[in-house]
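Indexing begins at 1, ligand by ligand and atom by atom, following the structure's order.
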Amino acid sequence: MFDLLKKKLSEFSNQLKQTIQQKTGEENAKPADSSKATLSNTPIEPIFEDKPVPITPTEKPVLKTPMIGKKPPKEKPSVSKPIAKDKRELKTKIGILEKTKAIFSGEIELGEKEIANLLDELEFALLEADVEQETAIKIVDAMRQRLVGKKISSRQNIDEFIKTEIKHALVTSLEIPDYQPFLFRIQTKKPFVILLLGPNGAGKTTTLAKIVRLLQKNNKTAILAAADTFRAASIEQLEQHAKRLNVRLVKHTYGADPAAVGFDTIAAAKSHDIDVVLIDSAGRQETNQNLMKELEKIIRVCKPDLKLFILEGYAGQASLAQVKEFDKHLSIDGVVLTKMDTDPKGGSALSVLHELKKPIFFIGTGQGYDDLEEFELENVLDKIV
Ligand SMILES: Nc1nc2c(ncn2[C@@H]2O[C@H](COP(=O)(O)OP(=O)(O)O)[C@@H](O)[C@H]2O)c(=O)[nH]1
Ligand SMILES: [Mg+2]
């Protein structure tokens, strides 16, 4: 889970760190007069030639004030009397400041050219980790915007600096909308009605059972609607879960109207004072007109408070296009990414966030009832960056 993405991002971090360290080292090694030639075109005191810079007591307080982030004093200081000797003295002082600055702070500024290769490599790395191209480009652009022109001093913790920059770039490029966490949302209405939808075999029924377990752990009651009346054995599959988890289930026969099953389940929830209604639904492999109509009717009749699209974690471009199509018709509220335990790459989660602009509520991490994790971007970023 997220392994390859993590590996690729950490390779990028290391390369960036090397670039920064190399540049900081070069800056430190530069003599002040040559590195800041613009400041001292005229000959200055021999003090600069070979000897180390003596720091006189009068200059010490100046040296103590941090220079990080401040521009070096420019050619035109506000000196009222343009006397040649004063000028020379001033230049000398500036020279000392510049030299000590290079030695003590090693501040550098990242240029576009220096990181161009790194960013190109990052784009490839993201693609390898299953991030879709459009998303990868957005992330790399955000990274470029954050890094080019950034001043870094050798006093700064470079690892922390890089981590923060990568996280910021990810958050801004993914444009994740604010959303209320699941357990908060379900408190807002009773019964709170959840519809699970998505392609065949993606994990709708299994995820539904996992959500029941999560609700029970949080002292919430649930009732299930066996509204997949299409696929053979689907009702029995859900009944088994209901039995194991000790929750009520409402069913009709195969071929019955799924919207009616949902409707009856909501009525049962109301009469038994149950907190959450979970509606299972049928999937087809392709986006199918009948299925779309069936789901539209469930939504019209049951008015779900949360429409969760269940998507396999390693979803590629075709799956993303499918979710977008569903979203266009049914306006989904969020996604559950299943089977993340079998996806060693993890990049598709970033594409889902970026391309759908919908929250990922959970990730499925196995076949057991407890294998469901809330997807909190902060935590996920901590894991991968
Ligand atoms: N490894 C793994 N398998 C899962 C996960 N979620 C679902 N599955 C498996 O995927 C298969 C299809 O799941 P099911 O819930 O029947 O899919 P549905 O057709 O969408 O209802 C089953 O074998 C599940 O055990 C998961 O997070 N990890
Ligand atoms: Mg199912």
Side-chain angles (χ1 to χ4, degrees), residues 1-3 130 182 194-215 222-245 247 249-259 261-262 265 277-288 290-292 294-295 298 302 304 306-316 318-320 322-323 325-326 330 332 334-346 348-349 352 360-375 380 383:
M1 210 168 41
F2 300 121
D3 291 350
D130 259 5
F182 180 80
I194 302 172
L195 170 65
L196 292 92
L197 56 119
N200 223 355
K204 291 179 295 298
T205 308
T206 311
T207 303
L208 187 151
K210 291 176 183 178
I211 292 177
V212 171
R213 171 60 66 86
L214 175 77
L215 291 168
I223 186 166
L224 316 184
D228 178 356
T229 57
F230 180 79
R231 198 174 88 172
S234 65
I235 298 177
E236 286 78 10
Q237 187 192 358
L238 197 66
E239 272 182 318
Q240 265 197 7
H241 286 306
K243 217 165 151 188
R244 281 195 215 133
L245 291 159
V247 285
L249 171 141
V250 174
K251 63 173 180 176
H252 290 190
T253 51
Y254 285 102
D257 179 1
V261 182
T265 315
V277 173
L278 289 153
I279 306 176
D280 196 14
S281 73
R284 317 275 200 279
Q285 254 338 315
E286 285 100 41
T287 313
N288 172 301
N290 286 338
L291 174 65
M292 212 60 96
E294 187 178 300
L295 289 166
I298 299 179
C302 303
L306 191 66
K307 286 163 273 177
L308 284 181
F309 194 94
I310 313 300
L311 184 68
E312 283 177 347
Y314 38 82
S319 306
L320 276 173
Q322 192 187 29
V323 192
E325 187 65 23
F326 269 79
L330 310 171
I332 62 170
V335 176
V336 177
L337 285 183
T338 59
K339 312 186 189 181
M340 291 298 282
D341 51 312
T342 62
D343 173 26
K345 296 183 173 179
S348 56
V352 168
I360 295 174
F361 278 85
F362 298 107
I363 52 177
T365 56
Q367 307 204 39
Y369 289 140
D370 292 308
D371 297 329
L372 188 72
E373 290 179 15
E374 276 208 70
F375 183 95
V380 173
K383 272 187 210 164

Handout entry: Side-chain touch Leu308/Ile211, heavy atoms, less than 4.5 angstrom
Key =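 Heavy-atom side-chain distance check passes, below 4.5 Å.
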Practice task
Verify the neighbour count for atom OH of Tyr369: are there more than 12 heavy atoms of other residues, nucleotides or ligands below 6.0 Å?
Solution key: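 Enclosed: over 12 neighbouring heavy atoms sit under 6.0 Å from OH of Tyr369.
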Exercise for the section: Mind listing the closest non-hydrogen atom pair of Glu294 and Ala282 along with its distance? Expected result: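 Scanning both residues, the minimum pair turns out to be OE2-CB, 3.9 Å.
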Practice task
Return the minimal non-hydrogen interatomic distance between Leu195 and Ser281, and the atom names on each side.
Solution key: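 Here Leu195 and Ser281 meet closest at CD1-CB, 4.1 Å.
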Practice task
Report the relative orientation of the aromatic rings in Phe361 and Phe182; use parallel for angles under 30°, tilted for 30 to 60°, perpendicular for over 60°.
Solution key: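 Taking Phe182 first and then Phe361, their aromatic rings stand perpendicular (interplane angle over 60°).
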Exercise for the section: Give the total of protein N/O/S atoms at a distance below 2.8 Å from the Mg ion (ligand 2). Expected result: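 Every protein N, O or S atom under 2.8 Å from the Mg ion (ligand 2) counted, the figure is 1.
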Problem - Residues which pass salt bridge (Lys or Arg N to Asp or Glu O under 4.0 Å) with Lys307, listed by chain and number, not counting sequence neighbours - result: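 Lys307 satisfies salt bridge (Lys or Arg N to Asp or Glu O under 4.0 Å) with no residue once adjacent residues are dropped.
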Sub-3.5 Å pairs, protein N or O with ligand 1 N or O:
from	atom 1	to	atom 2	distance (Å)
ligand 1	1 (N)	Asp341	OD1	3.4
ligand 1	1 (N)	Asp341	OD2	2.8
ligand 1	10 (O)	Lys339	NZ	3.2
ligand 1	13 (O)	Thr206	OG1	3.4
ligand 1	15 (O)	Thr205	N	3.3
ligand 1	15 (O)	Thr206	N	2.8
ligand 1	15 (O)	Thr206	OG1	2.5
ligand 1	16 (O)	Gln237	NE2	3.1
ligand 1	17 (O)	Gly203	N	3.0
ligand 1	19 (O)	Gly201	N	2.7
ligand 1	19 (O)	Arg231	NH1	3.2
ligand 1	20 (O)	Ala202	N	3.3
ligand 1	20 (O)	Gly203	N	2.9
ligand 1	20 (O)	Lys204	N	2.7
ligand 1	20 (O)	Lys204	NZ	2.9
ligand 1	21 (O)	Lys204	N	3.4
ligand 1	21 (O)	Thr205	N	3.0
ligand 1	21 (O)	Thr205	OG1	2.9
ligand 1	25 (O)	Gln367	OE1	2.6
ligand 1	27 (O)	Lys210	NZ	3.2
ligand 1	27 (O)	Lys339	N	3.0
ligand 1	27 (O)	Gly364	O	3.4
ligand 1	27 (O)	Gly366	N	3.4
ligand 1	27 (O)	Gly366	O	3.2
ligand 1	28 (N)	Asp341	OD1	2.9
ligand 1	28 (N)	Gly366	N	3.4
ligand 1	28 (N)	Gly366	O	3.3

Exercise for the section: List in chain and number order the residues that pass side chain to side chain donor-acceptor pair (under 3.5 Å) with Thr205, two or more places apart in sequence or in another chain; answer none if no residue qualifies. Expected result: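 Side chain to side chain donor-acceptor pair (under 3.5 Å) list for Thr205, sorted by chain: Asp280.
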Exercise for the section: Among Asp371, Asp370, Thr342, find the one that has a side chain to side chain contact (heavy atoms under 4.5 Å, CB included) with Thr365. Expected result: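 Of all the options given, the one that passes is Asp371.
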Problem - Side-chain (Thr338) to main-chain (Ala202) donor-acceptor, under 3.5 angstrom - result: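 Indeed, once roles are kept as given, a pair shorter than 3.5 Å links the two residues.
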